[in-house]
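Chain A is the first sequence line, chain B the second, and so forth, proteins listed ahead of strands; every chain is numbered from 1.
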Protein chains: 2
Amino acid sequence: MTRTPLADVACSIARATDLFGDAWTALIMRDVLTGVTRFDDLAHDLGISRKVLAARLSRLVEEGVLVRERYQERPPREHYRATPKGEELYPVLLALMEWGDRWYAGPAGPPARIRHLGCGRDTTPVSACAHCGEPLTVGNTTQLPGPGGRTGPGTRVLGPLLTAREDAPGAERPAEV
Amino acid sequence: MTRTPLADVACSIARATDLFGDAWTALIMRDVLTGVTRFDDLAHDLGISRKVLAARLSRLVEEGVLVRERYQERPPREHYRATPKGEELYPVLLALMEWGDRWYAGPAGPPARIRHLGCGRDTTPVSACAHCGEPLTVGNTTQLPGPGGRTGPGTRVLGPLLTAREDAPGAERPAEV
DNA sequence: ACCCATAAGTTCCCTCAGGGAACTCGGGTA
DNA sequence: TACCCGAGTTCCCTGAGGGAACTTATGGGT
């Protein structure tokens, strides 16, 4: 499943993509979180090969993202539900959906809306600063080494944070926001 | 590159994962957005096969997520930079990183920090409601059919919307927010 | 002039993960 | 008894990915 030992890398994005960086996994989580929890339903809905679906589900269960639960005794039937760890992938799905809506929605508009029950309005998800609530963008953030990062030679952080090479690019990022 | 014609499905998550639902693509975007923009640097940094890197980069350029730019004439040298469409993938990366931090950071803490230049503090990204600023969770949201989706029997929403596709090849520009 | 280095790919071979479809297994239901 | 159902598992086959060598254009060192 793992192309490279990404899971061992000191980068949380790499750790996350090791599990989640697969189109099927994202779509499985989307389905499970929206109520499609049974094997056959998932297989039909996604058009995924049953073999791969079984592999993905057991990986997700191993990782503690889903649990396999019996929802009926006679005959015995199992389905899959999200754990808290799985539910917390929701922001990733929202971010993907928002991006897809912005760049691929047809003239009619996006295929789905998200209603926020808290304020009762249809909304769009924004990646906000936990402290001040302002949107976080490439332009208004920097990545710094964290406590859990091995800070040896060759260590990278969010990204490179690199030993980098500001020598290369002539024009740096246009810093629009 | 596409396992199934996910890109044609009327679900923005499916559309997004068709491009982004690949561990390498996510990591490439992480690198490019943090300053690793040259082919060899990316190849080294990611440990990706050069063949696959070339394929991913040209796909990302095709999709308008990256641009290939000449940063030096003699000898001719090219590198890759994010377009606005590419920069808008940042929230997805932040969401992945946040999840990875929460569930995989060692006792020492996360490997990287995000400093929000707006308020000057190290922060964590929160998926917030664009209207009221409250965090969006599985529990406090519902998914409803959107204007660009089909509302027939069997239609799902956050999900496939799967009979789908009448509006598939849609416009490229997102509505300005 | 000659040799080596660098950046950015391309090409080749080989393995293994994914698609597709059939098969299994436990347990109903008519 | 015969026939469904849900939930997987097994089989074969193709093609995407890993790894390493090769290419092209240019510059530097001696």
Protein N or O to nucleotides 21-24 of chain D N or O, pairs below 3.5 Å:
none

Just the atom pairs and distances: protein N or O near nucleotides 27-30 of chain C's N or O, under 3.5 Å.
residue	atom	partner	partner atom	Å
dG28(C)	OP2	Arg74(A)	NH2	2.7

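Checking dA7(D), dG8(D), dG18(C) against the side-chain heavy atoms of Trp24(A) singles out dG18(C) as nearest.
Between the base of dG19(C) and the side chain of Lys51(A) there is a donor-acceptor pair shorter than 3.5 Å.
Atom CG in Asp40(A) sits roughly 14 Å away from atom C1' in dC25(C) (whole-Å rounding). One can place CD1 of Ile48(B) at 12 Å from C1' of dA16(D), the figure rounded to the nearest angstrom. Separating the CG atom of Asp41(B) from the P atom of dA7(C) is a distance of 7 Å, rounded to the nearest angstrom. To the nearest angstrom, C1' of dG17(D) lies 14 Å from CG of Asp22(A). The distance from atom OH of Tyr71(B) to atom P of dA7(C) is 7 Å, rounded to the nearest whole Å. Here dG18(C) presents its P atom at 11 Å from CZ of Arg59(A), a figure rounded to the nearest Å.
Side chain to side chain, Trp103(A) and Glu88(B) meet the donor-acceptor criterion of an N or O pair below 3.5 Å. Counting only N and O atoms by type, the side chains of Tyr71(A) and Arg38(A) include a donor and acceptor under 3.5 Å apart. Inspection of the His79(A) and Thr37(A) side chains reveals an N or O donor paired with an N or O acceptor under 3.5 Å.
Remark: Tyr80(B) is not in phosphate contact with dA7(C), judged by side-chain N or O atoms under 4.0 Å from OP1 or OP2. An OP1 or OP2 oxygen of dG6(D) is reached within less than 4.0 angstrom by no side-chain nitrogen or oxygen of Arg70(A).
Here the CE atom belonging to Met29(A) is positioned 5.0 Å from the CG atom belonging to Leu66(A), to the nearest 0.5 angstrom.
The salt bridge (Lys or Arg N to Asp or Glu O under 4.0 Å) check on Arg115(B) picks up Asp122(B), with sequence neighbours excluded.
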